[in-house]
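We count residues from 1, following the sequence as given.
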Amino acid sequence: MALFRFCCLIKKTELRNIVKLKNKPKILIICNYYLPGFEGGGSLRTVVNMVERLHDKFDFRIITRDHDGDHIQYKNVKINQWNTLTNCQVLYLSQDKVQISKLRQLISEVKPNSIYINSVFATLSIYVLLLRKFGMLPGLKIILAPEGEISEGALKLKAGKKKVFLKTAKLLGLHKNLIWKTTSEYEKSEAELIKGKGGTLFIAPNLTARTLLPEYRQQLKPVKSVGSAKMIFLSRFVPKKNFNWLFQILDDITGDLRIDIYGNLEDKSYWSETEREVDKLPPNVTVNYCGSIPHEQVTRTIFNYHFFLLPTLGENFGHVFVEALAAGCPLIISDRTPWRELDEKMIGWDMSLENSKIWIENINKCLSLDDKTYSNLSGNARNFAVEWLSDAQLEESTLRVLNESL
(Lines give C-alpha, C1' and ligand atoms only; values in the text may rest on other atoms or scores of the structure.)
Protein backbone atom coordinates (compact mmCIF):
# COMPACT_ATOMS: atom_id res chain seq x y z
CA MET A 1 0.00 0.00 0.00
CA ALA A 2 2.82 2.37 0.88
CA LEU A 3 4.54 1.56 -2.41
CA PHE A 4 1.29 2.27 -4.29
CA ARG A 5 0.94 5.69 -2.59
CA PHE A 6 4.59 6.47 -3.39
CA CYS A 7 4.06 5.61 -7.09
CA CYS A 8 0.95 7.79 -7.18
CA LEU A 9 2.93 10.66 -5.64
CA ILE A 10 5.59 10.33 -8.34
CA LYS A 11 2.92 10.36 -11.07
CA LYS A 12 1.30 13.48 -9.59
CA THR A 13 4.70 15.23 -9.40
CA GLU A 14 5.45 14.35 -13.04
CA LEU A 15 2.01 15.65 -14.07
CA ARG A 16 2.54 18.94 -12.19
CA ASN A 17 5.92 19.35 -13.89
CA ILE A 18 4.36 18.76 -17.32
CA VAL A 19 1.59 21.28 -16.62
CA LYS A 20 4.16 23.77 -15.32
CA LEU A 21 6.25 23.30 -18.48
CA LYS A 22 3.25 23.83 -20.74
CA ASN A 23 2.22 26.94 -18.83
CA LYS A 24 5.53 28.74 -19.19
CA PRO A 25 5.16 32.00 -21.14
CA LYS A 26 6.49 31.65 -24.67
CA ILE A 27 8.99 34.32 -25.76
CA LEU A 28 10.09 34.42 -29.39
CA ILE A 29 13.61 35.81 -29.83
CA ILE A 30 14.42 37.04 -33.35
CA CYS A 31 18.11 37.75 -33.87
CA ASN A 32 20.88 37.56 -36.46
CA TYR A 33 23.09 35.05 -34.64
CA TYR A 34 22.78 32.19 -32.17
CA LEU A 35 24.61 28.99 -31.29
CA PRO A 36 26.57 27.23 -32.70
CA GLY A 37 27.82 30.63 -33.85
CA PHE A 38 30.32 32.55 -31.73
CA GLU A 39 31.36 35.54 -33.85
CA GLY A 40 28.23 37.60 -33.22
CA GLY A 41 29.71 39.42 -30.26
CA GLY A 42 28.01 40.48 -27.06
CA SER A 43 24.47 40.51 -28.43
CA LEU A 44 24.75 36.77 -29.14
CA ARG A 45 26.14 36.06 -25.67
CA THR A 46 23.32 38.02 -24.05
CA VAL A 47 20.72 35.81 -25.71
CA VAL A 48 22.64 32.61 -24.92
CA ASN A 49 23.02 33.57 -21.25
CA MET A 50 19.42 34.72 -20.94
CA VAL A 51 18.17 31.38 -22.27
CA GLU A 52 20.57 29.44 -20.05
CA ARG A 53 19.65 31.29 -16.87
CA LEU A 54 15.89 31.80 -17.36
CA HIS A 55 14.71 28.76 -19.33
CA ASP A 56 13.00 27.38 -16.24
CA LYS A 57 10.68 30.41 -16.25
CA PHE A 58 10.11 30.93 -19.99
CA ASP A 59 9.65 28.82 -23.11
CA PHE A 60 12.21 30.35 -25.46
CA ARG A 61 11.88 29.96 -29.23
CA ILE A 62 14.55 31.52 -31.45
CA ILE A 63 14.49 32.50 -35.13
CA THR A 64 17.94 33.35 -36.46
CA ARG A 65 20.11 33.15 -39.57
CA ASP A 66 21.79 29.98 -40.80
CA HIS A 67 25.37 31.23 -40.46
CA ASP A 68 27.88 32.94 -38.21
CA GLY A 69 29.77 36.15 -38.96
CA ASP A 70 31.70 34.33 -41.70
CA HIS A 71 28.44 33.81 -43.70
CA ILE A 72 29.19 30.09 -44.11
CA GLN A 73 26.07 27.98 -43.57
CA TYR A 74 26.11 25.81 -40.46
CA LYS A 75 26.73 22.11 -41.17
CA ASN A 76 25.24 20.38 -38.13
CA VAL A 77 21.78 21.94 -37.88
CA LYS A 78 18.56 21.53 -39.83
CA ILE A 79 18.01 24.61 -42.00
CA ASN A 80 14.50 26.11 -42.18
CA GLN A 81 13.28 23.58 -39.60
CA TRP A 82 12.98 23.69 -35.84
CA ASN A 83 15.96 22.32 -33.93
CA THR A 84 15.81 21.29 -30.28
CA LEU A 85 18.84 22.73 -28.50
CA THR A 86 19.59 22.78 -24.78
CA ASN A 87 16.90 24.92 -23.10
CA CYS A 88 15.23 26.21 -26.29
CA GLN A 89 14.08 25.54 -29.85
CA VAL A 90 15.81 27.28 -32.76
CA LEU A 91 14.92 27.79 -36.42
CA TYR A 92 17.80 28.72 -38.74
CA LEU A 93 16.63 30.72 -41.76
CA SER A 94 18.45 30.39 -45.07
CA GLN A 95 19.03 33.67 -46.91
CA ASP A 96 16.20 33.05 -49.40
CA LYS A 97 13.78 32.66 -46.48
CA VAL A 98 14.65 36.00 -44.84
CA GLN A 99 11.37 37.51 -45.99
CA ILE A 100 8.72 39.49 -44.18
CA SER A 101 6.01 37.07 -45.34
CA LYS A 102 7.98 34.08 -44.03
CA LEU A 103 8.53 35.79 -40.70
CA ARG A 104 4.82 36.55 -40.40
CA GLN A 105 4.03 32.89 -41.07
CA LEU A 106 6.49 31.66 -38.43
CA ILE A 107 5.26 34.09 -35.78
CA SER A 108 1.69 32.94 -36.46
CA GLU A 109 2.75 29.30 -36.04
CA VAL A 110 4.74 29.89 -32.83
CA LYS A 111 1.96 31.95 -31.19
CA PRO A 112 4.35 33.65 -28.72
CA ASN A 113 3.30 35.72 -25.73
CA SER A 114 5.83 38.35 -26.75
CA ILE A 115 8.76 39.01 -29.12
CA TYR A 116 12.33 39.99 -28.22
CA ILE A 117 14.60 41.62 -30.84
CA ASN A 118 18.19 42.68 -30.19
CA SER A 119 19.00 45.09 -33.00
CA VAL A 120 17.72 48.45 -34.20
CA PHE A 121 19.09 48.08 -37.72
CA ALA A 122 18.96 44.33 -38.51
CA THR A 123 16.62 43.33 -41.34
CA LEU A 124 14.75 40.79 -39.22
CA SER A 125 14.14 43.40 -36.49
CA ILE A 126 12.81 45.90 -39.02
CA TYR A 127 10.49 43.25 -40.45
CA VAL A 128 9.06 42.61 -36.99
CA LEU A 129 8.35 46.30 -36.46
CA LEU A 130 6.80 46.65 -39.92
CA LEU A 131 4.51 43.68 -39.27
CA ARG A 132 3.39 45.33 -36.04
CA LYS A 133 2.96 48.70 -37.77
CA PHE A 134 0.55 47.24 -40.29
CA GLY A 135 -1.49 45.38 -37.69
CA MET A 136 -0.21 41.87 -38.38
CA LEU A 137 0.94 41.19 -34.80
CA PRO A 138 -2.19 42.07 -32.82
CA GLY A 139 -1.76 42.07 -29.07
CA LEU A 140 1.94 41.18 -29.11
CA LYS A 141 4.30 43.32 -27.07
CA ILE A 142 7.84 43.74 -28.41
CA ILE A 143 11.05 44.11 -26.43
CA LEU A 144 13.89 45.93 -28.22
CA ALA A 145 17.45 45.66 -26.88
CA PRO A 146 19.66 48.11 -28.85
CA GLU A 147 22.93 46.35 -27.84
CA GLY A 148 25.07 49.45 -28.32
CA GLU A 149 23.89 50.26 -31.84
CA ILE A 150 22.58 53.70 -30.92
CA SER A 151 25.66 54.96 -29.07
CA GLU A 152 27.22 58.14 -30.39
CA GLY A 153 30.28 56.29 -31.64
CA ALA A 154 28.27 53.53 -33.33
CA LEU A 155 25.95 56.02 -35.09
CA LYS A 156 28.97 57.77 -36.65
CA LEU A 157 29.77 54.59 -38.59
CA LYS A 158 27.75 54.44 -41.83
CA ALA A 159 26.11 57.55 -40.45
CA GLY A 160 24.20 58.47 -43.63
CA LYS A 161 22.25 55.22 -43.89
CA LYS A 162 21.51 55.11 -40.17
CA LYS A 163 20.30 58.71 -40.12
CA VAL A 164 17.93 58.07 -43.02
CA PHE A 165 16.57 54.90 -41.39
CA LEU A 166 15.99 56.51 -37.99
CA LYS A 167 14.23 59.47 -39.60
CA THR A 168 12.01 57.11 -41.61
CA ALA A 169 11.32 54.96 -38.56
CA LYS A 170 10.22 58.06 -36.66
CA LEU A 171 7.86 59.12 -39.46
CA LEU A 172 6.35 55.63 -39.57
CA GLY A 173 6.17 55.32 -35.81
CA LEU A 174 8.11 52.04 -35.82
CA HIS A 175 9.49 52.64 -32.35
CA LYS A 176 6.24 53.66 -30.65
CA ASN A 177 5.05 51.72 -27.61
CA LEU A 178 8.04 49.39 -27.40
CA ILE A 179 9.61 47.92 -24.29
CA TRP A 180 13.24 49.05 -24.37
CA LYS A 181 15.87 46.96 -22.60
CA THR A 182 18.89 49.20 -22.09
CA THR A 183 21.97 48.28 -20.09
CA SER A 184 22.87 51.58 -18.39
CA GLU A 185 21.67 55.11 -17.71
CA TYR A 186 23.77 56.22 -20.65
CA GLU A 187 22.12 53.82 -23.11
CA LYS A 188 18.71 54.69 -21.68
CA SER A 189 19.31 58.36 -22.51
CA GLU A 190 20.34 57.33 -26.04
CA ALA A 191 17.13 55.34 -26.48
CA GLU A 192 15.06 58.29 -25.30
CA LEU A 193 16.32 60.24 -28.33
CA ILE A 194 14.89 57.78 -30.86
CA LYS A 195 11.98 56.08 -29.10
CA GLY A 196 8.50 56.95 -30.26
CA LYS A 197 5.52 57.83 -28.12
CA GLY A 198 4.55 55.56 -25.27
CA GLY A 199 6.43 52.45 -24.33
CA THR A 200 8.69 51.77 -21.37
CA LEU A 201 12.42 52.12 -20.81
CA PHE A 202 14.16 49.63 -18.53
CA ILE A 203 17.76 49.38 -17.38
CA ALA A 204 18.86 45.75 -17.18
CA PRO A 205 22.56 44.86 -17.48
CA ASN A 206 23.12 42.02 -19.91
CA LEU A 207 23.26 38.60 -18.34
CA THR A 208 26.57 36.80 -18.18
CA ALA A 209 27.24 33.17 -17.39
CA ARG A 210 26.76 32.40 -13.68
CA THR A 211 30.43 31.46 -13.29
CA LEU A 212 33.53 32.15 -15.38
CA LEU A 213 36.78 30.22 -15.20
CA PRO A 214 36.03 28.41 -11.91
CA GLU A 215 39.46 26.74 -12.06
CA TYR A 216 41.19 30.16 -11.77
CA ARG A 217 44.50 30.13 -9.88
CA GLN A 218 46.34 33.42 -9.38
CA GLN A 219 49.75 31.74 -9.20
CA LEU A 220 49.26 30.38 -12.74
CA LYS A 221 48.93 33.82 -14.33
CA PRO A 222 51.91 34.71 -16.59
CA VAL A 223 54.84 36.26 -14.74
CA LYS A 224 55.02 40.03 -15.19
CA SER A 225 58.54 41.31 -15.86
CA VAL A 226 59.42 44.98 -15.40
CA GLY A 227 59.55 46.71 -18.80
CA SER A 228 57.28 44.35 -20.74
CA ALA A 229 53.66 43.26 -20.96
CA LYS A 230 51.35 41.07 -23.01
CA MET A 231 48.01 42.66 -23.86
CA ILE A 232 45.02 41.12 -25.61
CA PHE A 233 42.11 42.38 -27.69
CA LEU A 234 39.34 39.82 -28.20
CA SER A 235 36.17 40.89 -29.97
CA ARG A 236 34.75 41.56 -33.42
CA PHE A 237 37.42 43.55 -35.26
CA VAL A 238 35.41 46.44 -36.72
CA PRO A 239 35.91 50.25 -36.94
CA LYS A 240 33.85 50.76 -33.78
CA LYS A 241 36.65 49.14 -31.76
CA ASN A 242 38.91 52.03 -32.82
CA PHE A 243 42.24 50.23 -33.02
CA ASN A 244 43.67 52.39 -35.79
CA TRP A 245 43.51 55.34 -33.42
CA LEU A 246 45.48 53.41 -30.80
CA PHE A 247 48.19 52.31 -33.20
CA GLN A 248 48.71 55.91 -34.27
CA ILE A 249 49.75 57.02 -30.76
CA LEU A 250 52.16 54.29 -29.60
CA ASP A 251 55.43 55.95 -30.62
CA ASP A 252 56.28 56.90 -27.02
CA ILE A 253 55.96 53.45 -25.46
CA THR A 254 58.95 52.87 -23.17
CA GLY A 255 59.12 49.09 -23.01
CA ASP A 256 58.38 45.89 -24.90
CA LEU A 257 54.68 45.80 -25.64
CA ARG A 258 52.97 42.84 -27.29
CA ILE A 259 49.36 43.13 -28.46
CA ASP A 260 47.56 40.03 -29.72
CA ILE A 261 44.28 40.43 -31.61
CA TYR A 262 41.60 37.74 -31.59
CA GLY A 263 38.31 37.96 -33.45
CA ASN A 264 36.55 37.90 -36.76
CA LEU A 265 37.87 40.44 -39.30
CA GLU A 266 34.39 41.57 -40.37
CA ASP A 267 35.57 44.68 -42.18
CA LYS A 268 38.43 43.66 -44.47
CA SER A 269 39.14 47.23 -45.63
CA TYR A 270 39.45 48.37 -42.02
CA TRP A 271 41.89 45.53 -41.34
CA SER A 272 43.96 46.63 -44.34
CA GLU A 273 44.13 50.14 -42.87
CA THR A 274 45.14 48.64 -39.54
CA GLU A 275 47.97 46.64 -41.12
CA ARG A 276 49.35 49.84 -42.60
CA GLU A 277 49.36 51.47 -39.15
CA VAL A 278 50.99 48.39 -37.59
CA ASP A 279 53.82 48.60 -40.14
CA LYS A 280 54.65 52.08 -38.81
CA LEU A 281 54.99 51.00 -35.16
CA PRO A 282 58.36 51.16 -33.40
CA PRO A 283 60.24 47.84 -33.04
CA ASN A 284 59.44 47.54 -29.31
CA VAL A 285 55.70 47.26 -30.12
CA THR A 286 54.57 44.04 -31.80
CA VAL A 287 51.06 43.26 -33.00
CA ASN A 288 49.84 39.80 -33.98
CA TYR A 289 46.54 38.66 -35.44
CA CYS A 290 45.67 35.30 -33.89
CA GLY A 291 42.34 34.48 -35.60
CA SER A 292 38.95 33.65 -34.11
CA ILE A 293 38.35 31.24 -31.25
CA PRO A 294 35.18 29.50 -29.99
CA HIS A 295 33.53 31.16 -27.03
CA GLU A 296 34.32 28.30 -24.66
CA GLN A 297 38.02 29.18 -25.08
CA VAL A 298 37.68 32.91 -24.42
CA THR A 299 38.40 33.22 -20.69
CA ARG A 300 41.15 30.58 -20.80
CA THR A 301 42.81 32.48 -23.65
CA ILE A 302 42.55 35.86 -21.90
CA PHE A 303 44.01 34.28 -18.75
CA ASN A 304 47.36 33.96 -20.57
CA TYR A 305 47.75 37.75 -20.86
CA HIS A 306 48.49 40.58 -18.45
CA PHE A 307 45.96 43.21 -19.58
CA PHE A 308 42.87 43.54 -21.77
CA LEU A 309 42.98 46.46 -24.23
CA LEU A 310 40.08 48.14 -26.06
CA PRO A 311 39.91 51.83 -27.15
CA THR A 312 36.27 51.42 -28.23
CA LEU A 313 34.10 54.20 -29.60
CA GLY A 314 31.26 52.86 -27.48
CA GLU A 315 29.90 49.72 -25.82
CA ASN A 316 26.48 49.34 -24.25
CA PHE A 317 27.74 46.57 -21.95
CA GLY A 318 30.77 44.50 -22.95
CA HIS A 319 30.58 40.82 -22.03
CA VAL A 320 34.26 40.51 -22.79
CA PHE A 321 35.09 43.01 -20.03
CA VAL A 322 33.56 40.69 -17.43
CA GLU A 323 35.36 37.74 -19.01
CA ALA A 324 38.67 39.61 -18.94
CA LEU A 325 38.26 40.60 -15.29
CA ALA A 326 37.31 37.01 -14.43
CA ALA A 327 40.55 35.93 -16.13
CA GLY A 328 42.55 38.29 -13.90
CA CYS A 329 43.20 40.84 -16.65
CA PRO A 330 42.81 44.50 -15.64
CA LEU A 331 41.11 46.62 -18.31
CA ILE A 332 42.65 49.39 -20.43
CA ILE A 333 39.60 50.84 -22.17
CA SER A 334 37.92 54.06 -23.26
CA ASP A 335 35.44 55.91 -21.07
CA ARG A 336 32.61 55.17 -23.51
CA THR A 337 31.29 52.07 -21.75
CA PRO A 338 29.33 51.45 -18.52
CA TRP A 339 32.55 50.21 -16.89
CA ARG A 340 33.81 53.36 -15.20
CA GLU A 341 36.07 54.43 -12.32
CA LEU A 342 38.27 51.40 -12.89
CA ASP A 343 41.34 53.13 -11.47
CA GLU A 344 39.54 53.85 -8.19
CA LYS A 345 38.47 50.20 -8.00
CA MET A 346 42.08 49.19 -8.83
CA ILE A 347 40.97 46.95 -11.70
CA GLY A 348 42.17 49.00 -14.68
CA TRP A 349 41.77 52.35 -16.43
CA ASP A 350 38.94 53.96 -18.41
CA MET A 351 40.21 56.95 -20.38
CA SER A 352 39.06 59.69 -22.70
CA LEU A 353 39.85 59.23 -26.40
CA GLU A 354 40.45 62.97 -26.53
CA ASN A 355 43.53 62.58 -24.32
CA SER A 356 46.07 60.30 -26.02
CA LYS A 357 48.74 61.36 -23.50
CA ILE A 358 46.95 59.65 -20.60
CA TRP A 359 46.71 56.46 -22.65
CA ILE A 360 50.48 56.41 -23.16
CA GLU A 361 51.14 57.22 -19.50
CA ASN A 362 48.98 54.36 -18.24
CA ILE A 363 50.25 51.82 -20.78
CA ASN A 364 53.80 52.73 -19.76
CA LYS A 365 52.73 52.35 -16.12
CA CYS A 366 51.55 48.83 -16.94
CA LEU A 367 54.87 48.03 -18.57
CA SER A 368 56.77 49.23 -15.48
CA LEU A 369 54.96 47.00 -12.97
CA ASP A 370 56.82 44.18 -11.27
CA ASP A 371 55.23 40.76 -10.76
CA LYS A 372 54.12 41.33 -7.15
CA THR A 373 52.40 44.64 -7.92
CA TYR A 374 50.81 43.16 -11.01
CA SER A 375 49.56 40.08 -9.12
CA ASN A 376 47.74 42.34 -6.64
CA LEU A 377 46.10 44.26 -9.49
CA SER A 378 45.22 41.03 -11.29
CA GLY A 379 43.74 39.55 -8.11
CA ASN A 380 41.60 42.66 -7.64
CA ALA A 381 40.20 42.16 -11.15
CA ARG A 382 39.34 38.52 -10.48
CA ASN A 383 37.71 39.27 -7.12
CA PHE A 384 35.63 42.08 -8.61
CA ALA A 385 34.33 39.77 -11.35
CA VAL A 386 33.44 36.98 -8.90
CA GLU A 387 31.49 39.40 -6.71
CA TRP A 388 29.76 40.98 -9.71
CA LEU A 389 28.69 37.62 -11.12
CA SER A 390 27.12 36.61 -7.80
CA ASP A 391 24.81 39.65 -7.66
CA ALA A 392 21.21 38.35 -7.62
CA GLN A 393 19.92 41.67 -8.97
CA LEU A 394 21.31 40.85 -12.42
CA GLU A 395 18.63 38.26 -13.13
CA GLU A 396 15.91 40.25 -11.41
CA SER A 397 16.36 43.25 -13.70
CA THR A 398 16.04 41.12 -16.84
CA LEU A 399 13.04 39.31 -15.37
CA ARG A 400 11.29 42.65 -14.89
CA VAL A 401 11.73 43.42 -18.59
CA LEU A 402 10.49 40.03 -19.78
CA ASN A 403 7.52 40.05 -17.42
CA GLU A 404 6.52 43.50 -18.63
CA SER A 405 5.95 41.99 -22.08
CA LEU A 406 3.45 39.36 -20.90
Side-chain angles (χ1 to χ4, degrees), residues 213 216-235 241-262 274 277-290 299-312 315 318 320-337 339-386:
L213 205 63
Y216 183 92
R217 296 292 182 273
Q218 187 64 47
Q219 61 269 29
L220 298 180
K221 285 288 289 183
V223 174
K224 173 67 178 66
S225 300
V226 174
S228 68
K230 295 195 303 180
M231 299 186 182
I232 182 174
F233 162 83
L234 195 156
S235 187
K241 306 305 178 181
N242 200 34
F243 256 82
N244 282 357
W245 173 85
L246 178 70
F247 292 146
Q248 291 167 4
I249 67 168
L250 294 180
D251 288 342
D252 295 325
I253 293 300
T254 57
D256 293 324
L257 174 60
R258 170 179 159 184
I259 301 173
D260 286 351
I261 294 171
Y262 292 81
T274 301
E277 295 299 333
V278 169
D279 288 341
K280 302 175 187 176
L281 291 172
N284 59 313
V285 180
T286 59
V287 177
N288 308 292
Y289 175 63
C290 302
T299 49
R300 290 183 181 87
T301 299
I302 298 175
F303 180 84
N304 295 318
Y305 291 83
H306 298 117
F307 299 93
F308 184 89
L309 181 64
L310 181 57
T312 180
E315 304 292 329
V320 74
F321 298 148
V322 185
E323 291 161 339
L325 292 169
C329 274
L331 307 178
I332 304 172
I333 62 177
S334 75
D335 60 1
R336 301 185 185 185
T337 85
W339 301 91
R340 304 297 302 277
E341 300 177 350
L342 302 180
D343 195 7
E344 291 86 340
K345 297 180 177 78
M346 295 186 291
I347 58 173
W349 298 266
D350 52 285
M351 297 168 284
S352 170
L353 295 173
E354 281 69 49
N355 186 352
S356 60
K357 183 179 178 181
I358 194 68
W359 279 77
I360 298 304
E361 287 178 359
N362 282 322
I363 291 174
N364 281 333
K365 182 188 296 184
C366 293
L367 291 167
S368 70
L369 297 179
D370 59 24
D371 188 58
K372 182 178 180 180
T373 307
Y374 170 75
S375 291
N376 289 334
L377 190 62
S378 174
N380 290 340
R382 171 65 183 181
N383 292 336
F384 178 91
V386 170

For P311 and S334, which heavy atoms make the closest approach, and how far apart are they?
C-CB, 4.1 Å
Partners of E277 by salt bridge (charged side-chain N to carboxylate O under 4.0 Å, His left out), sequence neighbours excluded?
K280
If the condition is side-chain hydrogen bond (donor to acceptor under 3.5 Å, both in side chains), which residues does S368 pass it with, not counting sequence neighbours?
none
Tell me the closest heavy-atom pair linking R340 and D335, and the distance in Å.
NH1-O, 3.3 Å
Only counting residues at least two apart or in another chain, list the ones meeting side-chain hydrogen bond (donor to acceptor under 3.5 Å, both in side chains) with T312.
E315
Do you know the tightest heavy-atom contact between A324 and L331?
CB-CD2, 3.8 Å
Can you measure from CG (L353) to CD1 (I333) and round to the nearest 0.5 angstrom?
10.5 Å
For R382, check salt bridge (charged side-chain N to carboxylate O under 4.0 Å, His left out) against everything at least two apart and list the hits.
none
Distance-minimising heavy-atom pair for N304 and P222:
O-CG, 3.5 Å
Per the salt bridge (charged side-chain N to carboxylate O under 4.0 Å, His left out) rule, what does the pair list look like for residues 246-257, sequence neighbours excluded?
none
Quick one: ring-ring contact (aromatic ring centres under 6.0 Å, His included) pairs with a partner in residues 348-367, sequence neighbours left out?
W245-W359
Show, in sequence, the C-alpha distance, side-chain angles and deciding distance for V278 and F243, and conclude whether the side chain to side chain contact (heavy atoms under 4.5 Å, CB included) test is met.
CA-CA 10 Å; V278 169; F243 256 82; over 6 Å; no
Please report the interatomic distance CG(L310) to CG(D350), rounded to the nearest 0.5 Å.
12.0 Å
Partners passing side-chain contact (heavy atoms from CB on, under 4.5 Å) against R258 (at least two apart in sequence or in another chain):
K230, D260, T286, N288, Y305
What residues, two or more places apart in sequence or in another chain, satisfy salt bridge (charged side-chain N to carboxylate O under 4.0 Å, His left out) together with K345?
none
Within-4.5 Å side-chain heavy-atom neighbours: L367 and F307
no
One pair to check against side chain to side chain contact (heavy atoms under 4.5 Å, CB included): L250 and I363. What are the steps and the verdict?
CA-CA 9 Å; L250 294 180; I363 291 174; 4.2 Å; yes
Does some side-chain heavy atom of I232 sit less than 4.5 Å from a side-chain heavy atom of T301?
yes
Sequence-distant partners of E344, salt bridge (charged side-chain N to carboxylate O under 4.0 Å, His left out), two or more places apart
none
Measure centre to centre between the rings of F233 and Y262, then say whether the value is under 6.0 Å.
no
Taking every heavy atom of N284 against every heavy atom of G255, the minimum-distance pair comes out as ND2-O, 2.7 Å
Just jot down the side-chain contact (heavy atoms from CB on, under 4.5 Å) partners of T254, sequence neighbours excluded, or say none.
N364
Do E323 and T299 come within less than 4.5 Å of each other through their side chains, counting heavy atoms only?
yes
Test of understanding: with side-chain contact (heavy atoms from CB on, under 4.5 Å), list the residues that count as partners of D371, not counting sequence neighbours.
V223, K224, S375
Nearest-0.5 Å distance, CD of residue Q218 to CG of residue N383
8.0 Å
Can you confirm whether C366 sits close enough to M231 that some side-chain heavy atom of one is under 4.5 Å from a side-chain heavy atom of the other?
yes
Side chain to side chain contact (heavy atoms under 4.5 Å, CB included) for L234 and I302? Distances and angles first, verdict last.
CA-CA 8 Å; L234 195 156; I302 298 175; 4.1 Å; yes
In this structure, CZ of F303 is separated from CG of L220 (nearest 0.5 Å) by 5.0 Å
Tell me, please, which residues at least two apart from N380 pass side-chain contact (heavy atoms from CB on, under 4.5 Å).
M346, I347
Working to the nearest 0.5 Å, report the span between OG of S225 and CG of L369.
11.5 Å
The test is side chain to side chain contact (heavy atoms under 4.5 Å, CB included); show your working for F247 and I259 and say whether it passes.
CA-CA 10 Å; F247 292 146; I259 301 173; 4.0 Å; yes
The test is side-chain hydrogen bond (donor to acceptor under 3.5 Å, both in side chains); show your working for S352 and N355 and say whether it passes.
CA-CA 6 Å; S352 170; N355 186 352; over 6 Å; no
So which atom in C329 and which in K221 form the shortest heavy-atom distance, rounded to 0.1 Å?
SG-NZ, 3.5 Å
Interatomic spacing from CG in L325 to CZ in F308 - rounded to 0.5 Å:
9.5 Å
